[in-house]
Amino acid sequence: MADSRTNAENTAATDAEAQTFTEEERAAMRERAKEQRRSRRASKADGERDVLEKIAEMDEPDRSMAERIHAIIKESAPELTPRTWYGMPAYAKNGSVVCFFQSAGKFKTRYATLGFNDSANLDDGTMWPTAYALKELAPAAEERIRELVKKAVS
């Protein structure tokens with residue numbers, strides 16, 4: 001069905017969108033659209049390659065943290081499938097993203113984030129964290145990530 005909006009309405013909608021989303025957010029949405037088109041024919045190896053490419057594009061210290069988190073997730077939950085999600089390294093189970101790494105540079109924030117989606121089995125009472133700020137990866141943080149990832153897929 002054709003868009004019934006006038007050019008003025010389309011321009012107003014585009015202007016409103018430009019004010020609503022940052023350039024980084026719009027770029028993430030464009031990446032997500034590309035990922036959805038690719039996912040129909042992607043294999044686990046393709047997802048791994050895509051994740052490693054995204055990690056390689058990151059600046060330090062995000063790159064080192066992402067590399068280490070990637071290794072921790074692969075060893076802790078080998079059943080998860082690496083893939084990109086909104087241009088970020090992510091790990092899925094049965095097609096649903098369980099967890100992801102968002103670099104500080106992605107949205108120009110002061111810390112990176114390890115996040116978990118609702119498909120992660122992290123429920124703990126009526127309230128629990130689903131995202132963790134990361135400035136660096138100390139051994140205690142690495143161990144906590146292992147625990148969280150194992151719980152998320154259990």
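Not measured: the values here are computed from a predicted model.
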Nearest atoms (heavy-atom pairs only) where [X] meets [Y]:
{"X": "Leu137", "Y": "Glu142", "answer": "O-OE2, 3.9 Å"}
{"X": "Cys99", "Y": "Ile73", "answer": "SG-CD1, 3.8 Å"}
{"X": "Thr113", "Y": "Ala131", "answer": "CG2-CB, 3.8 Å"}
{"X": "Glu25", "Y": "Thr20", "answer": "OE1-O, 4.1 Å"}
{"X": "Phe100", "Y": "Phe116", "answer": "CE2-N, 4.1 Å"}
{"X": "Asp62", "Y": "Ser103", "answer": "OD2-CB, 3.3 Å"}

From [atom1] ([X]) to [atom2] ([Y]), nearest 0.5 Å:
{"X": "Leu134", "Y": "Arg68", "atom1": "CG", "atom2": "CZ", "value": "13.0 Å"}
{"X": "Leu80", "Y": "Ser96", "atom1": "CG", "atom2": "OG", "value": "11.0 Å"}
{"X": "Leu114", "Y": "Arg144", "atom1": "CG", "atom2": "CZ", "value": "10.5 Å"}
{"X": "Asp123", "Y": "Asp118", "atom1": "CG", "atom2": "CG", "value": "9.5 Å"}
{"X": "Thr84", "Y": "Tyr86", "atom1": "OG1", "atom2": "OH", "value": "11.5 Å"}
{"X": "Glu75", "Y": "His70", "atom1": "CD", "atom2": "NE2", "value": "11.0 Å"}

Would you call [X] and [Y] a salt bridge, taking side-chain N to carboxylate O under 4.0 Å as the test?
{"X": "Arg83", "Y": "Glu31", "result": "no"}
{"X": "Lys54", "Y": "Glu57", "result": "yes"}
{"X": "Arg63", "Y": "Glu67", "result": "no"}

Handout entry: Cluster check Met88, Tyr132: I/L/V/M/F/W/Y, side chain < 4.5 angstrom
Key = no
Exercise for the section: Using the rule that two of Ile, Leu, Val, Met, Phe, Trp, Tyr join whenever any of their side-chain heavy atoms come within less than 4.5 Å, decide whether Trp85 and Val51 are in one cluster. Expected result: no
Less than 4.5 Å apart, any side-chain heavy atom of [X] and any of [Y]?
{"X": "Ile55", "Y": "Phe101", "value": "no"}
{"X": "Ile145", "Y": "Ile69", "value": "yes"}
{"X": "Val149", "Y": "Tyr91", "value": "no"}

Exercise for the section: Taking Lys106 for its side chain and Ala112 for its backbone only, find out whether a donor-acceptor pair lies under 3.5 Å. Expected result: no
Exercise for the section: Report, as yes or no, whether the 6.0 Å neighbourhood of atom CZ on Phe107 holds more than 12 heavy atoms from other residues, nucleotides or ligands. Expected result: yes
